[in-house]
Amino acid sequence: MMEASKNDSCHPSILIVDDTPANLHLLVGMLKDRGYRTRPVPSGKLALGAAKNDPPDLILLDINMPEMNGYEVCERLKAEENLKDIPVIFISALNETMDKVKAFSFGGVDYITKPFQIEEVEARVKTHLKISSLQSALEERNIQLEDSLLKLRELEKLRDDLTHMIVHDMRSPLTGILANVNFVLDSDAIGNLNKDDIEALNDTQESSMHLSEMISSILDVSRLEAGEMPLSKEKADLHTVAQDSLKLLGGLVARRKIAIEASQTPIQALCDPGVIGRVIGNLIVNAIKFSSSDKEVKVLVERGDGCVRVSVIDRGPGIPPEYHTKIFEKFHRAETKKHGFLPSTGLGLTFCKLAVEAHGGSIGVESELGKGSNFWFTLPA
């Protein structure tokens with residue numbers, strides 16, 4: 001509602017502008033009887049002054065007036081920031097279509113032809129007061145939502161800054177742990193350890209590598225979202241990139257059946273081999289995590305129509321259709337009582353999506369419950 005009605009929201013204020021005293025008297029009497037606060041003025045100039053001094057909730061405005069007609073008054077009202085949203089209903093003896101079109105073009109919300117019926121005036125006044133009230137409430141709600149969104153973004157930035165600080169602090173000791181484990185596994189001292197000790201070291205190596213990849217994903221997702229991650233693009237054979245990514249996974253895939261196939265070789269794409277290799281590695285780790293150890297995971301590289309397509313296919317439990325898009329969202333975990341936990345890599349799949357899209361490609365999943373999943377991405381050939 002406008003300012004004038006804030007003190008008495010049950011009795012909206014209506015400014016009535018007409019140079020004919022009889023019309024003013026009639027409208028004032030009719031509307032007062034129906035509970036409205038009326039303010040009659042006989043000219044356009046007085047109407048502008050009255051509106052500026054105390055903005056009404058609605059204006060009933062005659063068109064044919066001396067010195068300043070209704071069109072001019074409405075145009076001046078709409079030029080004032082604090083008056084432009086006041087609904088203006090024209091009341092005139094002019095009943096040609098062009099007169100009505102002109103009234104709307106100057107900012108009027110409705111048009112009543114003289115001689116008028118009070119029931120019609122009351123109905124239109126009531127309708128536009130309601131619309132104005134709803135619009136004001138909506139604008140206020142939008143302002144509140146914008147404030148909430150701003151505060152949420154500030155909190156997210158604080159969270160991200162804290163996460164980055166913790167992640168940076170974690171990376172150095174983790175690198176030391178992984179280096180020491182690798183040193184022992186690669187040294188002659190490994191012969192002095194029993195089977196259980198070697199298995200524990202292999203598990204430690206696998207967990208450390210997985211944690212290192214999670215740390216890299218956290219940092220790189222933020223860089224990709226901010227557009228601050230440089231890509232060193234070159235012509236690369238994606239079959240070779242896939243093979244190299246598998247080698248880097250080391251102990252994570254040592255005891256799994258993984259096949260890398262290509263429809264032809266070489267199949268080249270302009271990309272950053274290191275980043276795309278990590279995408280393939282993430283998809284492989286995701287596949288083996290959610291399929292049993294005796295099931296093969298296949299990586300298929302093939303040429304498409306103007307693109308290169310890489311698919312990572314598993315024979316796991318599959319993913320319901322409603323999660324096909326959600327699993328690429330940040331920190332998403334899909335869970336159902338019937339099927340248990342479904343693919344969730346924290347930021348792994350989010351990193352894959354952002355990295356592929358940064359190359360101008362697309363990513364997705366094809367999956368049915370009980371029939372496994374095919375995580376795929378395409379890059380321009």
Side-chain angles (χ1 to χ4, degrees), residues 163-221 223 229 232 236-262 271-301 310 312-316 341 343-352 355 373 375:
T163 301
H164 290 172
M165 181 178 66
I166 294 173
V167 165
H168 278 294
D169 289 344
M170 289 173 59
R171 172 168 270 180
S172 294
L174 178 62
T175 301
I177 293 171
L178 189 55
N180 288 331
V181 171
N182 290 337
F183 175 77
V184 174
L185 288 173
D186 295 338
S187 71
D188 295 335
I190 194 71
N192 300 322
L193 301 177
N194 60 40
K195 182 180 178 181
D196 290 339
D197 292 336
I198 294 174
E199 186 174 345
L201 281 172
N202 283 326
D203 288 343
T204 302
Q205 181 192 49
E206 181 177 332
S207 297
S208 298
M209 291 176 63
H210 184 57
L211 185 55
S212 178
E213 177 59 31
M214 289 173 61
I215 289 173
S216 297
S217 293
I218 290 173
L219 296 174
D220 290 342
V221 162
R223 294 168 69 193
M229 186 170 179
S232 301
D237 174 20
L238 291 190
H239 182 258
T240 302
V241 171
Q243 290 177 321
D244 291 342
S245 71
L246 186 61
K247 293 176 184 176
L248 291 173
L249 293 175
L252 289 174
V253 296
R255 297 180 290 276
R256 298 303 299 264
K257 299 176 183 178
I258 300 174
I260 299 178
E261 301 176 5
C271 67
D272 185 320
V275 173
I276 295 302
R278 285 183 56 199
V279 170
I280 296 173
N282 276 347
L283 295 179
I284 291 174
V285 170
N286 191 70
I288 64 175
K289 187 188 301 183
F290 297 98
S291 57
S292 58
S293 58
D294 62 329
K295 299 290 181 65
E296 180 184 73
V297 172
K298 181 186 291 186
V299 181
L300 179 60
V301 184
V310 178
V312 179
I313 305 164
D314 66 60
R315 298 180 184 177
F341 284 106
S344 167
T345 55
L347 286 173
L349 292 179
T350 303
F351 166 77
C352 293
S373 302
F375 281 85

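In this text the structure is predicted, and so the values were computed from the model without any measurement. Values below: every heavy atom of this structure, side chains too, minus hydrogens, waters and symmetry copies.
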Kindly say whether Val297 contributes a backbone atom to a donor-acceptor pair with the side chain of Arg256 at under 3.5 angstrom? no
Is there a side-chain contact between Ile190 and Asp197, using heavy atoms and a 4.5 Å cut-off? no
Using the rule side-chain contact (heavy atoms from CB on, under 4.5 Å), only one of Val312, Leu300, Val299 pairs with Ile260; which is it? Val299
Should we count CD of Glu261 as having more than 12 external heavy atoms under 6.0 Å? yes
Separation between CG of Asp314 and NZ of Lys295, rounded to the nearest 0.5 Å: 9.5 Å
Would you give me the side-chain donor-acceptor pairs under 3.5 Å for residues 240-249, sequence neighbours excluded?
unit_1	atom_1	unit_2	atom_2	d
Thr240	OG1	Asp237	OD2	2.9
Ser245	OG	Ala242	O	2.7

Rounded distance (nearest 0.5 Å) linking atom CD of Glu199 with atom OG1 of Thr204: 10.5 Å
Please list every donor-acceptor pair under 3.5 Å in which a side-chain atom of residues 175-182 meets a protein atom from a residue at least two apart or in another chain.
unit_1	atom_1	unit_2	atom_2	d
Thr175	OG1	Arg171	O	2.8
Asn180	ND2	Gly176	O	3.2
Asn182	OD1	Gln205	NE2	2.7
Asn182	ND2	Leu178	O	3.2

Distance check, rounded to the nearest 0.5 Å: Glu296 atom CD versus Ile313 atom CD1? 9.5 Å
Any donor-acceptor pair under 3.5 Å from Ser187 side chain to Val184 backbone: yes
Distance (rounded to the nearest 0.5 Å) between Lys195 NZ and Leu193 CG: 14.5 Å
Could you check whether any side-chain N or O of Asn202 sits under 3.5 Å from a backbone N or O of Ile198, counting only pairs where one atom can act as donor and the other as acceptor? yes
Minimal non-hydrogen separation, Gly348 against Asn282, with atom names: O-ND2, 3.6 Å
May I ask you to decide if Ser208's main-chain N or O and Ser212's side chain share a donor-acceptor pair within less than 3.5 Å? no
